[in-house]
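Side chains are part of it too, since the values below use all heavy atoms of this structure and drop only hydrogens, waters and symmetry mates.
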Amino acid sequence: MARGSARRSRSEGDFWPGYVDILSTLLLVVTFLMSLFMVTQFFVSQEASGKDNALKRLTRQIAELTELLALERGGKKSLEEEFAALQASLSGSESERKRLEGLVGVGDEKAGAAESRAITLENELTAQKDVSSRRSPRSNC
C-alpha cells in the first residue's frame with residue numbers, strides 16, 4: 001500500500017506543471033492577440049481620421065467653389081444687363097443718327113434750292129443791272 005499512496009501522490013503532482021504551462025501559454029496568446037488588436041485599431045483610427053480630414057478639406061473646397069460660382073453667375077447677370085442697356089442705347093443712337101441724317105438731307109436739299117434760287121436771282125439782278133446801265137448812258141445824252 002505504500003506503493004499505492006506514493007503513486008497517487010506522484011500522479012496528482014504531475015499534472016500541475018502542464019496545467020500551468022497551458023494557462024501561461026494561453027495568457028501569452030491572449031495578450032499577444034489583444035496587442036495585435038490594439039495596434040490594428042490604432043492604424044484603422046488613424047486612417048479614418050485621415051479620411052475625415054480629407055473629407056473636411058474637400059467639403060471646404062466645394063463650399064469655396066460654390067461661392068465662386070455664385071459670384072460668377074452674379075457677374076454674368078450684371079454683364080448681361082449692362083449689355084442689354086448698351087444695345088438699347090445703341091439702337092437709340094442709331095435712330096437719332098438716321099433722324100439727323102434725314103434732317104441733313106433735307107437741309108442739303110433746301111440749301112441746294114436756296115443756292116439755285118440765289119443764282120437765279122443773281123442772274124436776274126445782273127440782267128437788270130445791264131439793262132439799267134444801258135439806259136443810264138442814253139438818258140444822259
Side-chain angles (χ1 to χ4, degrees), residues 1-140:
M1 278 217 213
R3 251 180 143 182
S5 79
R7 261 187 177 174
R8 213 184 292 150
S9 70
R10 192 188 304 151
S11 64
E12 287 178 10
D14 286 342
F15 76 90
W16 184 250
Y19 181 70
V20 170
D21 284 345
I22 289 174
L23 283 179
S24 63
T25 303
L26 185 62
L27 183 63
L28 286 172
V29 167
V30 168
T31 305
F32 175 74
L33 289 176
M34 289 297 286
S35 310
L36 191 63
F37 175 73
M38 286 178 13
V39 168
T40 305
Q41 187 67 25
F42 173 75
F43 284 118
V44 167
S45 67
Q46 288 297 319
E47 186 71 26
S49 69
K51 287 181 180 178
D52 286 342
N53 291 338
L55 184 62
K56 286 178 185 176
R57 182 175 42 87
L58 289 174
T59 304
R60 191 172 48 248
Q61 286 178 346
I62 288 172
E64 290 173 1
L65 290 173
T66 304
E67 289 176 15
L68 286 175
L69 181 62
L71 287 173
E72 289 297 322
R73 284 183 179 165
K76 179 185 173 191
K77 186 176 181 180
S78 67
L79 286 176
E80 287 174 347
E81 290 172 355
E82 185 177 345
F83 181 69
L86 287 174
Q87 278 184 330
S89 174
L90 178 64
S91 65
S93 296
E94 285 178 350
S95 64
E96 180 67 18
R97 181 184 56 87
K98 286 179 182 177
R99 185 185 71 81
L100 290 175
E101 282 178 352
L103 289 177
V104 166
V106 169
D108 284 345
E109 289 175 5
K110 286 184 180 179
E115 187 176 337
S116 65
R117 175 79 176 143
I119 290 172
T120 305
L121 290 176
E122 189 177 331
N123 289 339
E124 287 179 10
L125 179 65
T126 307
Q128 286 188 5
K129 280 183 182 179
D130 285 342
V131 169
S132 89
S133 66
R134 281 188 231 146
R135 282 189 187 175
S136 295
R138 288 184 194 166
S139 50
N140 286 343

K.L.:
Check the pair Leu55 / Lys51 against side-chain contact (heavy atoms from CB on, under 4.5 Å), numbers first and verdict last.
P.N.:
CA-CA 6 Å; Leu55 184 62; Lys51 287 181 180 178; over 6 Å; no
K.L.:
Within a reach of under 6.0 Å around CD of Glu47, are more than 12 heavy atoms found that belong to other residues, nucleotides or ligands?
P.N.:
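No, the 6.0 Å shell around CD holds no more than 12 heavy atoms from other groups.
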K.L.:
Looking at side-chain heavy atoms only, is the closest gap between Leu100 and Leu103 below 4.5 Å?
P.N.:
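In contact.
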K.L.:
Got a second to check how far Gln61's CD is from Thr66's OG1, nearest 0.5 Å?
P.N.:
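Interatomic distance, Gln61 CD to Thr66 OG1, rounded to 0.5 Å: 11.5 Å.
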K.L.:
Could you please spell out the steps behind the side-chain contact (heavy atoms from CB on, under 4.5 Å) verdict for Glu64 and Leu68?
P.N.:
CA-CA 6 Å; Glu64 290 173 1; Leu68 286 175; 5.5 Å; no
K.L.:
Look at atom CD of Gln46 and say whether more than 12 heavy atoms of other residues, nucleotides or ligands are closer to it than 6.0 Å.
P.N.:
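Buried by this count: over 12 neighbours within 6.0 Å.
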K.L.:
At what distance, to the nearest 0.5 angstrom, does OG1 of Thr40 lie from CG of Leu33?
P.N.:
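Output value for this atom pair is 10.0 Å.
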K.L.:
Could you go step by step and tell me if Leu79 and Phe83 meet the side-chain contact (heavy atoms from CB on, under 4.5 Å) rule?
P.N.:
CA-CA 6 Å; Leu79 286 176; Phe83 181 69; over 6 Å; no
K.L.:
Specify the closest pair of heavy atoms between Thr31 and Leu27, including all atoms of both residues, with the distance to one decimal.
P.N.:
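Heavy atoms of Thr31 and Leu27 come nearest at OG1-O, 2.7 Å.
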K.L.:
How far does CZ of Arg117 sit from CD of Glu124, to the nearest 0.5 angstrom?
P.N.:
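If we round to the nearest 0.5 Å, Arg117:CZ and Glu124:CD are 6.5 Å apart.
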K.L.:
Can you confirm whether Glu122 is buried at CD, in the sense that more than 12 heavy atoms of other residues, nucleotides or ligands lie under 6.0 Å from that atom?
P.N.:
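Not more than 12 within 6.0 Å, no.
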K.L.:
Which heavy atom in Thr25 sits nearest to a heavy atom in Asp21, and how many Å separate them?
P.N.:
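Heavy atoms of Thr25 and Asp21 come nearest at OG1-O, 2.7 Å.
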K.L.:
Any chance you could measure Asp130, atom CG, to Arg134, atom CZ, to the nearest 0.5 Å?
P.N.:
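The CG atom of Asp130 sits 5.5 Å away from the CZ atom of Arg134.
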K.L.:
From Leu28 CG over to Leu23 CG, what is the distance, rounded to the nearest 0.5 angstrom?
P.N.:
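Answer rounded to 0.5 Å: 11.0 Å.
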K.L.:
Once rounded to the nearest 0.5 Å, what's the spacing between atom CG of Leu65 and atom CD of Glu72?
P.N.:
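Between Leu65 CG and Glu72 CD, I get 11.5 Å after rounding to 0.5 Å.
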K.L.:
Please answer whether the main-chain N or O of Ala85 pairs with a side-chain N or O of Ser89 as donor and acceptor at a distance below 3.5 Å.
P.N.:
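Pair absent, no side-chain N/O of Ser89 close to backbone of Ala85.
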K.L.:
Under 4.0 Å between a side-chain nitrogen and a carboxylate oxygen: does that hold for Glu101 and Arg97?
P.N.:
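Between Arg97 and Glu101 there is a salt bridge, with a charged N closer than 4.0 Å to a carboxylate O.
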K.L.:
Decide yes or no on salt bridge (charged side-chain N to carboxylate O under 4.0 Å, His left out) for Glu96 and Arg99, but give the supporting numbers first.
P.N.:
CA-CA 5 Å; Glu96 180 67 18; Arg99 185 185 71 81; 2.6 Å; yes
